[in-house]
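Note that these values count all heavy atoms, side chains included, but never hydrogens, waters or copies made by symmetry. Numbering of residues begins at 1 and proceeds along the displayed sequence.
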Amino acid sequence: MKKLVIIPAFNEQESILNTVRDIKENAPGFDYVIINDCSKDKTLRICRNNNLNVLDLPVNLGIGGAVQTGYLYAYSHDYDIAVQFDGDGQHDAKYLQYMADILQEENLDMVIGSRFIQKEGFQSSGIRRVGIRFFTLLIRLLFGKTITDATSGMRMCNRKVMELFIKEYPRDYPEPETVSRLLRHKCKVKEVPVIMREREAGVSSISLGKSAYYMVKVTLAILIERLR
């Protein structure tokens, strides 16, 4: 099985080397590719100076476009499994092989790493946890499936899902919407417990000021997905 780690990166100069080192040391069966989304800092220079596998986007596409680029790369290079993995140090590569084993053994379409099953490690801020619980309730109401961490950016999929995602993928805040899309397509999605860390450096793309916009936009997107 060919397995690829997709690392979307925007201004991750302080954490990208540790992220790649983590993958090499704790998930040696996985290849990786960094999708540099027009970083304004030294992310690209660091990648090139250290001979890291990096694709440099010519324009800033946002998190959705960067991840979709990674899925397109994985699909066109005949990878069987692709996993999204943050470049800010929050995700732990030691869970990747475990997630791949679950994906294959249970014949799943997607496995999501959830920090809220065992409730260990960094649990996000209080405001964000409220939003995440809201999406859990909304998805359960609309699709009959409990997803405890719909915003998790640590998610692994097979080629069936890659093909869906390269055709259409949300530009920003894609995680809850894409989970809803997979459930609408009757894909088999399962969460597994993982421990996440606080980001090593940088700031989240979802600032406090954007939180209200985020909640409204993603809620509408999920409702539209259900009506399709």
Side chain proximity check, [X] to [Y], heavy atoms < 4.5 angstrom:
| X | Y | value |
| --- | --- | --- |
| Glu191 | Ser152 | no |
| Lys3 | Gln97 | yes |
| Phe116 | Arg129 | yes |

Criterion side chain to side chain contact (heavy atoms under 4.5 Å, CB included) against [X], the qualifying member of [options]:
| X | options | answer |
| --- | --- | --- |
| Ile16 | Leu44, Asp41, Ile46 | Ile46 |
| Lys42 | Glu14, Gln13, Glu12 | Gln13 |
| Leu164 | Leu182, Asp109, Thr178 | Leu182 |

All side-chain contact (heavy atoms from CB on, under 4.5 Å) counterparts of [X], not counting sequence neighbours:
| X | result |
| --- | --- |
| Asp172 | Tyr213, Lys217 |
| Asn53 | Tyr32 |
| Arg159 | Tyr75, Asp78, Asp80, Met162 |
| Ile102 | Tyr98, Glu106, Leu108, Val111, Lys190, Val192 |

Inter-residue atom distance [X].[atom1] - [Y].[atom2], 0.5 Å rounding:
| X | Y | atom1 | atom2 | answer |
| --- | --- | --- | --- | --- |
| Gln68 | Ile166 | CD | CD1 | 8.0 Å |
| Ser15 | Asp22 | OG | CG | 11.5 Å |
| Ile7 | Asn36 | CD1 | CG | 11.5 Å |
| Asn11 | Asp88 | CG | CG | 12.0 Å |
| Met156 | Leu4 | CE | CG | 10.5 Å |
| Asn60 | Cys38 | CG | SG | 5.5 Å |

State whether the side chain of [X] and the backbone N or O of [Y] hold a donor-acceptor pair below 3.5 Å, judged by distance alone.
| X | Y | answer |
| --- | --- | --- |
| Asn18 | Arg21 | no |
| Tyr173 | Thr151 | no |
| Asp86 | His91 | no |
| Asn26 | Ala93 | no |

Derivation and outcome, side-chain contact (heavy atoms from CB on, under 4.5 Å), residues Asp92 and Val194
CA-CA 8 Å; Asp92 192 333; Val194 299; over 6 Å; no

- Query: How far apart are the closest heavy atoms of Val67 and Pro8, and which atoms are they?
  - Reply: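 Between these two residues, the closest heavy atoms are CG2-CG, 3.9 Å.
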
Could you pull out the closest heavy-atom pair between Glu168 and Arg181, with the gap in Å?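 Of all heavy-atom pairs spanning Glu168 and Arg181, the closest is O-NH1, 3.3 Å.
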
query: Step by step, would you call Asp37 with Ile35 a side-chain contact (heavy atoms from CB on, under 4.5 Å)?
result: CA-CA 6 Å; Asp37 193 22; Ile35 311 297; 5.7 Å; no

Note to self: Test of understanding: with ring pair (Phe, Tyr, Trp, His ring centres under 6.0 Å), list the residues that count as partners of His77, not counting sequence neighbours.
What the structure shows: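 In terms of ring pair (Phe, Tyr, Trp, His ring centres under 6.0 Å), with neighbours along the sequence ignored, His77 is linked to Tyr73.
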
Practice problem: Output all residues satisfying ring pair (Phe, Tyr, Trp, His ring centres under 6.0 Å) with Phe135, sequence neighbours left out; order by chain, then residue number. | Solution: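 Tyr214.
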
Next on the checklist: I want to check a possible cation-pi pair here: Arg226 against Phe143, using under 6.0 Å from ring centre and within 45° of the ring axis as the test.
Outcome noted: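 Satisfied, under 6.0 Å and within 45°.
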
